[in-house]
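Please read the structure below before turning to the comments.
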Amino acid sequence: MNLKAPRGTRDILPPASEVWNKVESKIKEIYRQRNFWEIRTPLFEETDLFVRGVGGTTDIVEKEMYTFNDKGGRSITLRPEGTAPVVRSYIEHKLHGEPQPFKFYYFGPMFRYERPQAGRYRQHYQTGVEVIGGDTPLIDAEVISLGIDILKEFSIKGWVLHLNSIGCRECRPGYIEELKSYFKKETVCKECSQRIDRNPLRVLDCKSEECADLKERSPSIIDYLCPDCSLHFSQVQELLTSREISFTIDPTLVRGLDYYSRTAFEIKTRELGAQDTIIGGGRYDGLAEILGGPNAPGMGFGMGLDRFLLMLEKNSFANYKNTPLDIFLVTIGDENVQKESWKILNMVRKAGFSADMDLLVRSPKNQMKFANRIGTRFTVIIGEDELAKGVVQLKDMEKGTQNEVNIEELISNIEANYRGG
RNA sequence: GUGGGUGUAGCUCAGGUGGUUAGAGCGCAGGAUUGUGGCUCCUGAGGCCGUGGGUUCAAAUCCCAUCACUCACCCCA
């Protein structure tokens, strides 16, 4: 076979897909309990949405987008992230006319053309939230604590919350000027020397040793925040502290997307190798206007489900076993037996049990073997002799015991067996 | 986009310095037990040895290229 899933994509097969389902529904419960509502946006958008919304000098836009022309000549891009589409939708449907703020959540795949590695895929799955239509510190704290609640809900340990404020339109330009002139006086690595003009905040993100020392002594954004941003930032911290959420202030945390303002945060873990950010997000007060909408400040996060699932494995939460089948019907006989068994199958399914029967007309021995292999609690053995008497054999696969029961009493017998343990 | 490691059966892996029909364990299918699972024994199916080219009388094995997987950088979820 030479057909394979494309590079950086993968299939999620049965026992694992069951874990995904459980994880997703548990997260949904947490969202709903906090009055967040689901939004589903298209998997692809007009390319311009991301160029304007995410920022033309970001890595995502410069080299990671799946962009193509459709048959009508439109430039289309598979969504690389979730925030810009949600804000686009908010503007398009004039949701600022609804009671504010609007609290969204979403689940779904994102697409980025990158070299795959541990915890990084070209199609990866994210869940996230966006609170649009408010800029209070309460909203920031609500969003950040929600992310932490999810980790706690799944008993995940070993994470650290990194927190920063990158200012606003008023105070950031001044800081960026300071930063530029500081770095221009020093020797930086060759990548950073290009970054200084194009996207100076990114120099703070540099991990090379040449720049490490410079970063230590570089001017900190926190010292340049305007009074409003400074107050906002300290209020967010107070709210988090009041919920006993610990964090580290990280002035080098700038995040890759242009639309962020004020609060930026990431939740990292030590257990995932190099790709250690499991939740990342922040505030984006100017984004709606950049996209041609009203002034609608927002705050949100994205969480990498692939990485989250990897963490669950490390924390041995994910139990990769198939849930056992309640009932498997073993048929012994001709078409008539199969037809009657088919009816009994429907009966036990309607009673609420998970049930299946032999579909290959195998020997009784091999049917039993199959039932045992897939994990079955009870088998119901149906042969011509039994049908003639209106009974079936009910076998408990754990205890190995077997009883003859009337077909009419089969359901109540199984129920009694479950109750009796 | 850059660098390292790895590609043999469904899975995990053997196959010294090239040498006939490429092996094992597990799994899968069937049987021993003509209507009963787990243990045991027997049998069977399943491989373009990632792909393409080269060296050679001869390549899973040596060389080159390419693709994929993997780890890391960049960056992010």
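In the set U36(B), G35(B), C73(B), U36(B) carries the atom at the smallest distance from any side-chain atom of Q402(A). Closest contact between the side chain of M397(A) and the listed nucleotides A77(B), C75(B), G37(B) involves G37(B). For R112(A), the listed nucleotide lying nearest its side chain is A77(B); candidates were G35(B), A77(B), C74(B). Side-chain atoms of A274(A) lie closest to A72(B) of the nucleotides A72(B), C75(B), U36(B). Among C73(B), A77(B), G35(B), the nucleotide with an atom closest to any side-chain atom of D385(A) is G35(B). Of the candidate nucleotides G37(B), G35(B), C69(B), G37(B) has the atom nearest to the side chain of K395(A).
Taking atom P on both nucleotides, U2(B) is separated from U21(B) by 42 Å, rounded to a whole Å. Nucleotides U40(B) and A58(B) place their C1' atoms 45 Å apart, quoted to the nearest Å. A60(B) and G19(B) are spaced 9 Å apart, taking the P atom of each and rounding to whole Å. Taking atom P in both C62(B) and U70(B), one finds a spacing of 25 Å when rounded to whole Å. Distance check on atom C1': G16(B) versus A72(B) gives 33 Å, rounded to whole Å. Going from the C1' atom of C73(B) to that of A65(B) covers 25 Å, rounded to whole Å. Between A22(B) and A59(B), the two P atoms lie 14 Å apart (nearest whole Å). The separation of G25(B) from G50(B), taken at their P atoms, amounts to 22 Å, rounded to a whole angstrom.
E266(A) comes within 4.0 angstrom of no nucleic acid atom, judged by non-hydrogen atoms across all strands. Residue contacts for I381(A): at a heavy-atom cut-off of 4.0 Å it reaches a base atom on one of the strands shown. Counting non-hydrogen atoms under 4.0 angstrom, G400(A) reaches a base of the nucleic acid. Among the heavy atoms of the strands lying under 4.0 Å from I279(A) are primed sugar atoms or P, OP1, OP2 only; no base atom is included. Within the nucleic acid shown, G281(A) has no heavy atom closer than 4.0 Å to any nucleic acid atom.
Enclosure of atom CZ in R32(A) by more than 12 non-hydrogen atoms of other residues, nucleotides or ligands within 6.0 angstrom is indicated.
The nearest whole Å value for the distance from the CE atom in M368(A) to the P atom in G37(B) is 6 Å. Atom-to-atom, CG of L161(A) to P of A77(B) comes out at 15 Å; the value is rounded to the nearest Å. The nearest whole Å value for the distance from the CG atom in N372(A) to the C1' atom in G37(B) is 4 Å. For the pair D276(A) CG and C73(B) P, the computed distance is 9 Å after rounding to whole Å. If you measure from atom CZ of F378(A) to atom C1' of G37(B), you get 15 Å, rounded to the nearest angstrom. Atom CG of L329(A) is separated from atom P of G37(B) by 18 Å (rounded to the nearest Å). Across the protein-nucleic acid pair, K63(A) atom NZ and U2(B) atom P stand 11 Å apart, rounded to whole Å. Rounded to an integer number of Å, the gap from R307(A) CZ to C75(B) P is 14 Å.
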Validation: residues 282-293 of chain A side-chain donor-acceptor distances under 3.5 Å, sequence neighbours left out:
from    : atom 1 : to      : atom 2 : distance (Å)
R283(A) : NE     : D140(A) : OD1    : 3.0
R283(A) : NE     : D140(A) : OD2    : 3.2
R283(A) : NH1    : G134(A) : O      : 3.2
R283(A) : NH1    : D285(A) : OD1    : 2.7
R283(A) : NH1    : G298(A) : O      : 3.4
R283(A) : NH2    : D140(A) : OD1    : 2.7
Y284(A) : OH     : E130(A) : OE1    : 2.5

Counting only pairs under 3.5 Å, give me each side-chain donor-acceptor contact of residues 335-346 of chain A, with atom names and distances, residues two or more places apart or in other chains.
from    : atom 1 : to      : atom 2 : distance (Å)
Q338(A) : NE2    : G333(A) : O      : 3.4
S341(A) : OG     : V337(A) : O      : 2.7

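Using modelled atom types, no side-chain atom of N406(A) and backbone atom of E408(A) make a donor-acceptor pair closer than 3.5 Å.
The list of side-chain hydrogen bond (donor to acceptor under 3.5 Å, both in side chains) pairs with a residue in residues 46-56 of chain A, not counting sequence neighbours, reads T47(A)-S75(A), T47(A)-T77(A), D48(A)-R52(A).
No hydrogens or angles considered: nothing links the side chains of T248(A) and D250(A) as a donor-acceptor pair under 3.5 Å. Of the N and O atoms on the side chains of E64(A) and Y66(A), not one donor lies less than 3.5 Å from an acceptor on the other residue. A donor and an acceptor atom, one from each side chain of D326(A) and S354(A), are located under 3.5 Å apart. For E266(A) and T277(A), the side-chain atoms include at least one donor-acceptor pair closer than 3.5 Å.
Residues satisfying the salt bridge (Lys or Arg N to Asp or Glu O under 4.0 Å) test with R34(A), not counting sequence neighbours, are D149(A). Legend: residues meeting ring pair (Phe, Tyr, Trp, His ring centres under 6.0 Å) with Y224(A), ordered by chain and number and at least two apart, are Y175(A). Checked against ring pair (Phe, Tyr, Trp, His ring centres under 6.0 Å), F308(A) has the following partners two or more places apart in sequence or in another chain: F154(A). The ring pair (Phe, Tyr, Trp, His ring centres under 6.0 Å) search around F301(A) returns none, not counting sequence neighbours. Every ring pair (Phe, Tyr, Trp, His ring centres under 6.0 Å) that F328(A) has, sequence neighbours left out, goes to F370(A).
Residues from residues 76-91 of chain A placing a heavy atom under 4.0 Å of any atom in RNA chain B do not occur. Against RNA chain B, the stretch residues 116-124 of chain A makes heavy-atom approaches under 4.0 Å through Q117(A), A118(A), G119(A), R120(A), Y121(A), H124(A).
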Query - B/S/- contact track for nucleotides 27-32 of chain B, protein heavy atom under 4.0 Å - result: SSSSSB
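Along RNA chain B, the nucleotide nearest to T379(A) and the one nearest to Q126(A) differ in position, and the one closer to the 5' end is contacted by T379(A).
When the side-chain nitrogen and oxygen atoms of R7(A) are compared with OP1 and OP2 of C69(B), one or more of them lie within a distance under 4.0 Å.
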Report task. For RNA chain B, just give me the dot-bracket, please: Watson-Crick or G-U, both distances below 3.5 Å, ( ) intra-strand, [ ] crossing earlier pairs, | paired with another strand, . unpaired. Result -> (((((((..((((.....[...)))).(((((.......))))).....(((((..]....))))))))))))....
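The aromatic rings of Y105(A) and F107(A) sit perpendicular, their planes meeting at an angle over 60°, well past the 30° parallel limit.
Under the 4.5 Å side-chain criterion, counting only non-hydrogen atoms from C-beta, T241(A) is in contact with F247(A). Side-chain contact between E45(A) and I76(A) is absent, with no heavy-atom pair separated by less than 4.5 Å.
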